[in-house]
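What follows is one structure encoded as structure tokens, with my remarks underneath.
For clarity, every value in this text was computed on a predicted model and none was experimentally measured.
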Amino acid sequence: HMPSGLSYGSASGMIYQQIPRVVRSAYAVPSLVSEINNYDQRYFVIARLALAARVSYIGTPNPSTLIRLAETGAGHAEQILRGVHDGTLGIELLEQPQLAAQLEARLSPDVTRARALEHAAARTGTLRPQECWPDLALIGCWLGGSVGTLALRLREFYGDVPLRDLGYLASEGHFTIPHEDHVASGILSLHTAYFEFVPEQLVDDPEPPVLSCHELESNARYSVLLTTAGGLYRYDIHDIVQVTGFYRETPLLAFIRKGRDMTSITGEKMHVNHLLLALEQIKKRYNVALVDHFRVVAEASQSRYRIYVEVKSEVSHDLLRDELLPALEAALALVNQEYAEKRRSGRLAPLCLHLMQPGWSKREYQRAVASGKRDTQYKWQILCGESRKEDIEAIAHTIEMADEQASTSRKAHDSSQLPSA
């Protein structure tokens with residue numbers, strides 16, 4: 001809630017709460033569970049309620065949610081079995097007793113289901129969705145972009161269940177229609193908006209060519225401009241999509257990544273401004289003389305952000321590891337609420353800092369000029385979606401912090417007065 005008392009939140013949360021009661025009644029996990037503040041407890045309750053039901057379909061944007069759900073079930077099998085058998089949550093929500101009472105009021109002992117889960121666990125040594133949900137017929141989640149690699153891991157926990165992408169969608173609209181299993185692309189929703197496209201390699205041109213959907217080429221990548229009935233006109237959504245083919249002359253589009261100045265590993269939508277705000281506070285607080293050029297890379301394979309930076313003078317590595325990195329973690333959590341949420345839930349790993357060799361940024365500028373780029377055209381990229389060979393080769397020292405260290409820092413800085421983005 002805002003200071004005025006007005007509530008706010010994500011559009012998906014609002015939609016979830018407005019789903020008709022007849023549909024909600026079929027859900028294994030009620031929306032009330034999302035109000036559990038502690039993420040570990042929340043995932044436990046989700047696993048406990050879901051495994052107690054005979055689930056036939058799962059829909060959630062991020063496959064990392066499904067991986068953690070499976071891991072939670074496997075790691076707390078005995079508690080979950082006892083909870084199903086006794087008709088309890090299987091865990092105490094000491095900080096939210098009223099919420100716990102509301103949830104437990106919906107439960108009743110289910111000896112038959114508990115026995116079925118015991119038999120399923122006996123076959124593999126633990127609770128696993130593949131054995132617990134023999135009726136599971138479809139999983140809907142993101143299959144493209146940076147989370148596509150995580151979707152590949154679902155087979156390990158859920159077996160050969162068909163995977164259907166949810167489609168390319170955002171708060172601004174729903175832009176593709178999923179039509180096949182196990183692919184990230186969908187049919188462009190020609191009836192929902194007017195779409196225009198700029199070739200990826202030309203997005204920074206002063207007057208780039210703007211193409212209509214019939215002018216797109218297979219396997220090419222484009223930035224998307226939206227004109228919608230809601231009032232957006234040639235709105236740059238900062239997304240890069242790829243044409244994977246055509247369906248009756250309509251392009252098939254797959255989301256690839258966020259465009260310039262923004263990345264998103266697991267839905268946190270990190271913008272350059274978030275980084276600038278957080279790093280500026282760190283520079284003031286610790287008087288660390290950072291050069292103007294630093295780079296932050298979203299490494300999807302490890303679900304973490306890597307920070308590449310030069311320092312003008314020697315800085316204690318202990319200071320960087322024990323104080324500066326945890327403080328930066330806390331600052332990012334304050335200016336980007338989604339980053340804070342993904343870190344608390346464990347879907348993002350702690351930051352990693354790379355101290356670069358002297359002259360790192362200057363050498364990149366020299367390479368750009370040598371390749372024919374004019375001085376006025378050169379633009380240093382602060383945030384990017386993948387590591388570059390030149391950056392990796394110029395690392396002088398790497399500093400990492402433990403996840404527990406980052407967690408402690410976030411709690412300590414929850415009341416800080418850093419500016420929000």
Contacts of His76 meeting ring pair (Phe, Tyr, Trp, His ring centres under 6.0 Å) (sequence neighbours excluded), chain-then-number -> Phe44

- Message: Do Tyr305 and Glu268 pair up side chain to side chain, a donor and an acceptor below 3.5 Å, judged on atom types alone?
- Response: yes

dist Met401:CE -> Arg321:CZ (nearest 0.5 Å) comes out at 11.5 Å

Taken in chain and number order and not counting sequence neighbours, the residues that satisfy side chain to side chain contact (heavy atoms under 4.5 Å, CB included) with Gln357 are Arg363, Ala394, Ala396

Side chain to side chain donor-acceptor pair (under 3.5 Å) filter on Tyr158, not counting sequence neighbours, yields none

Residues passing the side chain to side chain donor-acceptor pair (under 3.5 Å) test with Arg128, sequence neighbours excluded, are Gln130, Glu131

Sorted by chain and number, sequence neighbours left out, salt bridge (charged side-chain N to carboxylate O under 4.0 Å, His left out) with Glu71 holds for Arg153

For Asp160, the side chain to side chain contact (heavy atoms under 4.5 Å, CB included) test, sequence neighbours excluded, returns Arg155

Residue pairs meeting ring-ring contact (aromatic ring centres under 6.0 Å, His included), one or both in residues 201-223, sequence neighbours left out, come to none

Open item on the list: Using side-chain heavy atoms (C-beta onward) and a distance below 4.5 Å, is Met262 in contact with Asp239?
Closed with: no

Pairing donors with acceptors under 3.5 angstrom, does anything connect the side chains of Glu310 and Ser361? yes

So Leu51 and Trp133, do their side chains get closer than 4.5 Å, heavy atoms only?
yes

Note to self: For Phe195 and Phe197, take the angle between the two ring planes, folded into 0 to 90°, and tell me which bin it lands in: parallel under 30, tilted 30 to 60, perpendicular over 60.
What the structure shows: parallel

Contacts of Tyr57 meeting side chain to side chain donor-acceptor pair (under 3.5 Å) (sequence neighbours excluded), chain-then-number -> none

Residue set satisfying side chain to side chain contact (heavy atoms under 4.5 Å, CB included) with Lys362, at least two apart, ordered chain then number -> Gln366

Quiz prompt | Note, Tyr39 side chain near Arg343 side chain (heavy atom, < 4.5 Å) | solution = no

Taken in chain and number order and not counting sequence neighbours, the residues that satisfy side chain to side chain contact (heavy atoms under 4.5 Å, CB included) with Glu390 are Arg367, Arg388

With sequence neighbours left out, the residues meeting ring pair (Phe, Tyr, Trp, His ring centres under 6.0 Å) with His317 are His397

TODO: Evaluate the side-chain proximity of Glu95 to Asn37: yes if any heavy-atom separation is below 4.5 Å, no if none is.
DONE: no

The side chain to side chain donor-acceptor pair (under 3.5 Å) partners of Arg234 (sequence neighbours excluded) come to Glu196

